[in-house]
Amino acid sequence: MHVLIIGGGIGGLCLAQGLKRAGVSATVYERDAAPDARLQGYRLNIEPVGSRSLHSCLPPDLWDRLIAASGDPGPGMGVFDERLRELMQERSNAGRTSPVEAAHAVSRVALRAVLLDGVDVRFGKEFVRYEQLQGEVVAHFADGSTASGTLLVGADGSRSRVKRQLLPGAGQRDPAAFGVGGKLPLTPETGTWLPEVLTTNKNMILPRRDFLFTAAFRPRAGEEGYLMWAFVAHRSTYAGQDPHGFVLERSRRWHPDLRRLVAESGSVELFDFRAAAKVKPWATTNVTLLGDAVHNMPPVGGLGGNTALRDAGTLRDALTSGMPLIEAVRGYEAEMLSYGFAAAGEALMYLRLATVRSRLVRGAARGFFRLCGAVPPLRRAIFDG
């Protein structure tokens, strides 16, 4: 068996690592000209489901290297109002001593460097289309070259050309939301005014309108730490102005430390959100999909990347189970569609909470978190399991 993986994101590379570890031939085809051809964004919070997939797919030396490059994500998630009054603290990561079952904060650059190590990746290969010929599949690229394999996996992101050919009727949902992200270096000077809770944990700020997420990245070794934030709002509130100034205007009644965090941050970027429409099971062939290529979701709750890693581990397990190829792929697709679109639905639920303009709904949400904070058994039952 030889597997063609279209797309060199974290899902496709994790699959390549897992197949290599299992002794299965695989090649990744990436349209970027080089590994550093584009910026890799901020940190990624790898939850236990993603950790398990990475641990099972990576050889021990690369797993150890990944853990060494990762930071401590904190004990869990804090929830606050815009005046930094605590509504709830959940501790889902506290007490988890095994790295396999814990969460990890890792920069996308460091993660990608680990995932690229030792796998066969062909850069500068822009995928155009595939054709299926008597037991094999042939990928065609924009430079006129082709590649043949037993299975083709579309891991080419939310605008997947593989998906467009495999599922021409599949559509996208418009979440009617956008985000603005920024980054503040953690230095001795910022340590004099940043509240400790912002520098030690992930936090969700739930004002009476809009939404802010913060996460501190404190590497266990190496690079300087930083605090990243993501502001989320309904698209109707934005009229194309400077995104940094827009967030400052929307946060004018927030706690002064939150406003200073936004004001002094650099690397401020605007992001529009997309989400895949749910697809029904399709007739299984020797072409399948993985990660954002099939169930892309808004980057709210950290679910997208972890679900792509789960896809990689699930597909690797199916392909190395000893089942006939089509049967193995069919089992993977059934499982992936179930948990993948469940995660997408959860991300959309979080996004609706972040962008809802009803004061009644927002007040009820704040009351719910406050109740969970006041009743630990309820909080543990809902969040810490």
Side-chain angles (χ1 to χ4, degrees), residues 3 5-19 28 44-57 103 108 111 115 151-175 177 273-321 323 325-353:
V3 181
I5 302 171
I6 308 300
I10 63 172
L13 292 173
C14 184
L15 174 62
Q17 288 283 356
L19 292 174
V28 179
L44 178 69
N45 204 65
I46 301 173
E47 300 295 341
V49 64
S51 296
R52 288 190 288 270
S53 288
L54 285 165
H55 180 260
S56 69
C57 289
R108 290 179 180 269
L111 175 59
L115 291 173
L151 175 71
L152 185 144
V153 180
D156 48 340
S158 61
R159 301 180 189 274
S160 170
R161 291 181 178 178
V162 179
K163 180 181 181 180
R164 196 181 310 159
Q165 184 175 349
L166 180 65
L167 305 174
Q172 291 281 323
R173 299 176 62 178
D174 181 4
F273 293 160
R274 296 166 57 86
K278 190 171 183 179
V279 297
K280 295 180 179 179
W282 58 86
T284 300
T285 68
N286 58 352
V287 176
T288 193
L289 301 167
L290 178 153
D292 281 352
V294 57
H295 47 55
N296 67 291
M297 60 194 79
V300 180
L303 296 167
N306 284 283
T307 307
L309 292 172
R310 182 176 180 179
D311 289 351
T314 303
L315 182 53
R316 190 284 308 266
D317 290 346
L319 294 177
T320 57
S321 66
M323 290 188 293
L325 177 66
I326 298 302
E327 184 180 342
V329 175
R330 184 182 297 116
Y332 156 73
E333 289 172 346
E335 188 175 352
M336 175 271 294
L337 287 174
S338 176
Y339 68 69
F341 278 101
E346 188 176 349
L348 285 168
M349 179 188 70
Y350 292 149
L351 187 61
R352 283 193 291 270
L353 173 62

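Position 1 is the first residue of the sequence, and the numbers go up from there.
Residues Leu152 and Asn286 are not in side-chain contact: their nearest non-hydrogen atoms beyond the backbone lie 4.5 Å or more apart. Residues Met349 and Arg352 are in side-chain contact: their nearest non-hydrogen atoms beyond the backbone lie under 4.5 Å apart. Looking only at side-chain heavy atoms (C-beta outward), Val153 and Val162 stay at 4.5 Å or farther from each other. Put simply, the side chain of Tyr332 reaches to within 4.5 Å of the side chain of Leu290, judged on heavy atoms. For the pair Leu348 and Pro298, the minimum side-chain heavy-atom distance is below 4.5 Å. Taking the side chain as every heavy atom from C-beta outward, Leu44 and Ile10 approach each other to under 4.5 Å. Looking at heavy atoms from C-beta onward, Thr307 lies in side-chain contact with Met297 at the 4.5 angstrom threshold.
Not counting sequence neighbours, Glu333 has no partner by the salt bridge (Lys or Arg N to Asp or Glu O under 4.0 Å) test. For Arg316, the side-chain hydrogen bond (donor to acceptor under 3.5 Å, both in side chains) partners are Ser56, not counting sequence neighbours. Among residues two or more places apart in sequence or in another chain, the salt bridge (Lys or Arg N to Asp or Glu O under 4.0 Å) test is passed with Arg161 by Glu126. Annotation: side-chain hydrogen bond (donor to acceptor under 3.5 Å, both in side chains) contacts of Ser160 (sequence neighbours excluded): Asp156.
When all heavy atoms of Pro168 and Gln165 are compared, the pair lying nearest together is CD-O, 3.6 Å. Across all non-hydrogen atoms, the minimal contact from Ala318 to Ala328 is O-CB, 3.3 Å. The heavy-atom pair separating Val294 from Lys163 by the smallest distance is O-NZ, 3.4 Å. Between Val28 and Gly12, the shortest heavy-atom contact is CG2-O, 4.4 Å. The shortest non-hydrogen separation linking Pro175 to Leu351 is CB-CD2, 3.4 Å. Taking all atoms of both residues into account, the shortest heavy-atom contact from Arg274 to Arg159 is NH1-NH1, 3.5 Å.
The CG atom of Leu54 sits 14.0 Å away from atom CZ of Arg310, with the distance rounded to the nearest 0.5 Å. Leu111 contributes atom CG, which lies 8.5 Å from atom CG of Leu13 (distance to the nearest 0.5 angstrom). Atoms CD1 and SG, from Ile5 and Cys14 in turn, are 10.0 Å apart once rounded to the nearest 0.5 Å. Note that CG of Leu315 and CG of Leu151 are 6.5 Å apart. Values are rounded to the nearest 0.5 Å. Distance CD1/Ile326 to OG1/Thr288: 9.5 Å, rounded to 0.5 Å. One distance of note links NE2 of His295 with CG of Leu303; it measures 11.0 Å at 0.5 Å rounding.
A salt bridge (Lys or Arg N to Asp or Glu O under 4.0 Å) check over residues 165-174, counting only residues at least two apart or in different chains, returns the pairs Asp174-Arg235.
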Can you give me every donor-acceptor pair (side chain of residues 335-345, partner residue at least two apart or in another chain, under 3.5 Å) with its distance?
from: Tyr339; atom 1: OH; to: Asp311; atom 2: N; distance (Å): 3.4
from: Tyr339; atom 1: OH; to: Asp311; atom 2: OD1; distance (Å): 2.7
from: Tyr339; atom 1: OH; to: Thr314; atom 2: OG1; distance (Å): 3.3

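Under a 3.5 Å cut-off, the side chain of Gln17 and the backbone N or O of Leu115 do form a donor-acceptor pair.
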